[in-house]
Amino acid sequence: MTKELVIVESPTKARTIGRILGSGHTVIASLGHVRDLPKTRIGVDIKNDFSPEYVIPQDKRALVKEIKELAQDASTVYLATDPDREGEAISWHLIEAAGVDPKIVQRVVFHEITESAVKEAFEHPRALDMDLVDAQQARRVLDRLVGYELSPLVSKKLRWWGLSAGRVQSAALRIVVDREREVEAFIPVEHWSIGALLQKEGATGGKKANNSFTSHLHSKVGDKQALNIPDEASAKKLNDGLEGATFAVEKVQVRGVKQRPSAPFITSTLQQEAWRKLRYGARKTMSVAQQLYEGVTLGDQGSVGLITYMRTDSTNVAASAVQEARVHIKKAFGADYVPAQTRTYSRKVKGAQEAHEAIRPSSALRTPDRLRTFLNAEQHRLYDLIWKRFVASQMADAQVDRTTIDIHATAKSKQAYLFRATGSVLKFPGFRALYLEGQDDSDEDEAAKLLPTVAAGDALKNLGLESKQHFTEPPPRYSEASLVRSLEDKGIGRPSTYAAIVSTIQDRGYVQADRGRLTPTLLGKVVSDMLSSHFKQISDLNFTAKLEDELDEVAQGDRSWREMLSTFYGLFSTSIQEATENMPRQDIPTGETCELCGKPMNLKKNRWGSTFLSCSGFPECRNAKSTQVKTGVSCPDCGGDLMERKAKKGKRRSTFYGCSNYPTCNFAVNQKPVPEPCPECSGLMVQRGRITAKCTKCAYSEPLGSSEQSQGEEQEAEAVEA
DNA sequence: CAGTGAGCGAGCTTCCGCTTGACTT
């Protein structure tokens, strides 16, 4: 009997679909695209109406052959690739590459892999949507033209081989460079605050008692504007004037506030939260999530996929999963924690294609606790995060009472001041009993504090005034995760590429991560500026959003993809030509001067791929120095500077720290040295792991200095365990 | 696991987006 052939993209999906459809169907995975433009040449015949040249990559030949053979024996070939632009194109490439008879082809689409959704989809197949395929071809060809024409130009002008540029990576780079410029231009502004520790008159207990509370000077009574205290002198003047002032409660305002849970994870929010709570980079998060998706052997049940697909931009969730969550919530927390209505989340991400569900546990009933023995530590932590986020997303609102106490302080001079205290009380935890989203920026959260009960007219006792100095802070540098969020906001990149984008700009040497904070390198700044000044069209951060609108027109059948490309390329090729002729060749200045001839030193790359400083007077002056990064720590043997260095040998060129006086002194250590010497033997201390420092001479070790850690702006909100 | 590095100076990568294993030093 002839079988029906079903083609999906992922092997895990193939397994599940196979189970749902039963025998009579052969389900096979395409493993993504099976055809693409050739890697080694541009592969687009520009003069011939942008005709693409498609090839089947070596590692896909066998698969295509297998599909071809299966299709020859099949009565029907169902193309069940993902329901988006790329999925439609994968299907089309498949039948083209495998030479499948179009008469037996059917296209089916489903947005969730549940029995009902899949069966429903197979009852309503349709034909391939060539308009959608054409939109993908336009996207693919445009990216190829931009990437393969821009990259060599940048490389040539900077005399630096192997540089790259592209619609997406160059936008990501620009975002990082723009932020750095903001940080560089930022001038901190000083301001002061004055706090008063207060207590109800007649109450017992001193400063430490929990019936005391802190309030802050807000304004002069009668003034609408908050008081600005620019410097120490004015703070002291106010402080002195308030000595001996009388305090009384003017007004107490209590406002009931509802808090709603966050939407279940999509790729970008999972990457953000895994960074905030687990300090996993984008790559690591995706690879652990992939393991959970592909399945883990659970004792008796064999291999089970624990989460839904992890590359998604949709917060939609299958109705059956919501019901399961509600069952679990009722059992674990009680009926109060189950909202009357199921929650739906419809936050649309710009350019979202919504081909999959949100990232959720495949069953809410598989609690993290029950899986503990089957998962390794990383898998368990990430599963725990995904599970809690999803279950919480179906729980009741939290209810919080926000209290504001306005206090009048009357100074001896008779001047009246307004002090204000804020606090909040959790009346009903709701979803907060299980999960609370982490935060990027730590604005001092006064609102979390508990306030004692006071009423208007109550006289207050002043337990002490305190003035404090503050400075405004520059915007924080991006982490991989916050960069991904920014890209997503602008519709740049896709869930499957976020992790790769943040890797690419680092691999190219455009951006460096310092304790997770992305900082552009000299090279990165020069490349980015070069693109901004000569390729306005491409370097506009709205370019992708505009492109998506045009691709939509193609997908709707309102515009031809070749005409769209031709319009784009007209402008683009003019810029390329203009830049090729007029853009000057450029060096990468380092700001350092040659000590031999006084000319500026430039950054260059040698044939090993590592960078060095070269005198701009070359070849007259052959001075060259290595780009060493000082650690700021002295060599324990000779007092020279310890420098960060990279080993030449081996593929993963490991980092170590060696003396600047090499080869005279060949002191070296692998761990990063810390400035403070050992308190026991005054030997050199190095970092061991992330939080401890140990001595290289004796056995002494201690927690890493607090000065190291105070830089991380990202604080975690504490998740309350159920 | 331990040792790791000092002299480099224009050639053939490079794009984005969809998916997993395939490799050994």
Side-chain angles (χ1 to χ4, degrees), chain A residues 8-14 29-37 39-44 57 59-60 63 81-82 84-91 93 136 139-156 158-170 287 290 293-294 309 311 353 355 492-498 500-501 504 508 538 544 585 602 604-615 618-619 622-628 643 645-670:
Chain A
V8 297
E9 291 180 38
S10 130
T12 307
K13 205 165 164 180
S30 78
L31 304 173
H33 277 288
V34 296
R35 262 196 348 179
D36 193 12
L37 299 172
K39 241 180 136 91
T40 53
R41 53 186 182 277
I42 196 142
V44 178
D59 61 337
K60 288 292 168 69
L63 180 69
T81 51
D82 293 351
D84 56 20
R85 196 163 67 208
E86 295 296 330
E88 203 74 14
I90 289 173
S91 281
H93 279 303
Q136 192 273 348
R139 199 278 307 154
R140 180 67 188 95
V141 168
L142 183 143
D143 280 334
R144 170 54 65 95
L145 292 173
V146 171
Y148 275 35
E149 294 200 359
L150 224 40
S151 298
L153 179 67
V154 171
S155 295
K156 212 179 276 174
L158 291 178
R159 287 173 265 193
W160 188 298
W161 218 242
L163 294 182
S164 66
R167 172 177 61 87
V168 169
Q169 60 167 279
S170 298
S287 113
Q290 176 97 29
Y293 167 71
E294 284 179 2
Y309 197 57
R311 293 185 274 263
Q353 313 218 353
I492 300 170
R494 302 278 310 134
S496 65
T497 60
Y498 291 144
I501 297 163
T504 297
R508 293 277 175 276
I538 303 294
T544 293
R585 286 201 163 189
N602 293 327
K604 293 218 161 200
K605 192 163 97 165
N606 70 10
R607 68 191 135 173
W608 301 101
S610 53
T611 55
F612 69 101
L613 298 185
S614 156
C615 179
F618 182 85
R622 303 186 73 90
N623 191 20
K625 298 197 292 189
S626 65
T627 45
Q628 300 174 337
M643 312 299 261
R645 308 201 45 91
K646 279 215 182 344
K648 239 180 216 172
K649 284 203 294 188
K651 276 203 167 169
R652 17 174 265 262
R653 310 164 55 225
S654 57
T655 304
F656 68 100
Y657 303 87
C659 179
S660 58
N661 291 330
Y662 183 87
T664 322
C665 169
N666 54 11
F667 179 84
V669 282
N670 281 320

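Just so it is clear: chains get the letters A, B, ... in the order the sequence lines come, proteins before strands, and each one is counted from 1. Only a predicted model underlies this, so the values are computations on that prediction, with no experimental measurement involved.
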With the side chain defined as heavy atoms from C-beta on, A:D36 is closest, among B:dG9, B:dT20, B:dG17, to B:dG17
Closest of B:dC16, B:dC18, B:dT20 to the A:D82 side chain is B:dC18
CZ (A:R144) and CD (A:E149) are apart, to the nearest 0.5 Å, by 11.0 Å
### Query
Think A:Q136 has a side-chain N or O under 4.0 angstrom from the OP1 or OP2 of B:dG17?
no
When A:F667 and A:K39 are each assigned the nearest nucleotide of DNA chain B, the 5'-most assignment goes to A:F667
- Query: Would you say the side chain of A:D82 lies within less than 4.5 Å of the side chain of A:K13, judging by non-hydrogen atoms?
  - Reply: yes
Picking from B:dG17, B:dC15, B:dT20, the nucleotide nearest the side-chain atoms of A:L31 would be B:dT20
Against the side chain of A:Y309, the closest entry in B:dC15, B:dT19, B:dC12 is B:dT19
Winner on side-chain proximity to A:P11, out of B:dT20, B:dC16, B:dA10, is B:dT20
Fill in: Contact under 4.0 Å: A:S496 side-chain N or O vs B:dC18 OP1/OP2
yes
For this session: State plainly whether the residues A:R140 and A:D36 are in salt-bridge range, i.e. N to O under 4.0 Å.
Result: yes
Distance-only, no hydrogens or angles: does the A:T544 side chain make a donor-acceptor pair with backbone N or O of A:I492 under 3.5 Å? no
Report yes if a side-chain nitrogen or oxygen of A:S10 is closer than 4.0 Å to either non-bridging phosphate oxygen (OP1 or OP2) of B:dT20; otherwise report no.
yes
Base B:dC15 to side chain A:R140, donor-acceptor N/O within 3.5 Å cut-off
yes
Base, sugar-phosphate, or nothing: which does A:Q169 touch, judged by heavy atoms less than 4.0 Å apart? sugar-phosphate
query = Taking only side-chain nitrogens and oxygens of A:R35, does any of them come within less than 4.0 Å of OP1 or OP2 of B:dG17?
reply = no
Check your understanding: At under 4.0 Å, does any side-chain N or O of A:T497 touch on OP1 or OP2 of B:dG17?
Key -> yes
Out of B:dC12, B:dC16, B:dC18, minimum distance to the side chain of A:R167 belongs to B:dC16
Open item on the list: Is it the case that the base of B:dC18 and the side chain of A:R311 share a donor-acceptor contact (distance under 3.5 Å, atom types as modelled)?
Closed with: no
Within the structure shown, what part of the strands sits under 4.0 Å from A:V146 by heavy-atom distance: base, sugar-phosphate, or nothing? nothing
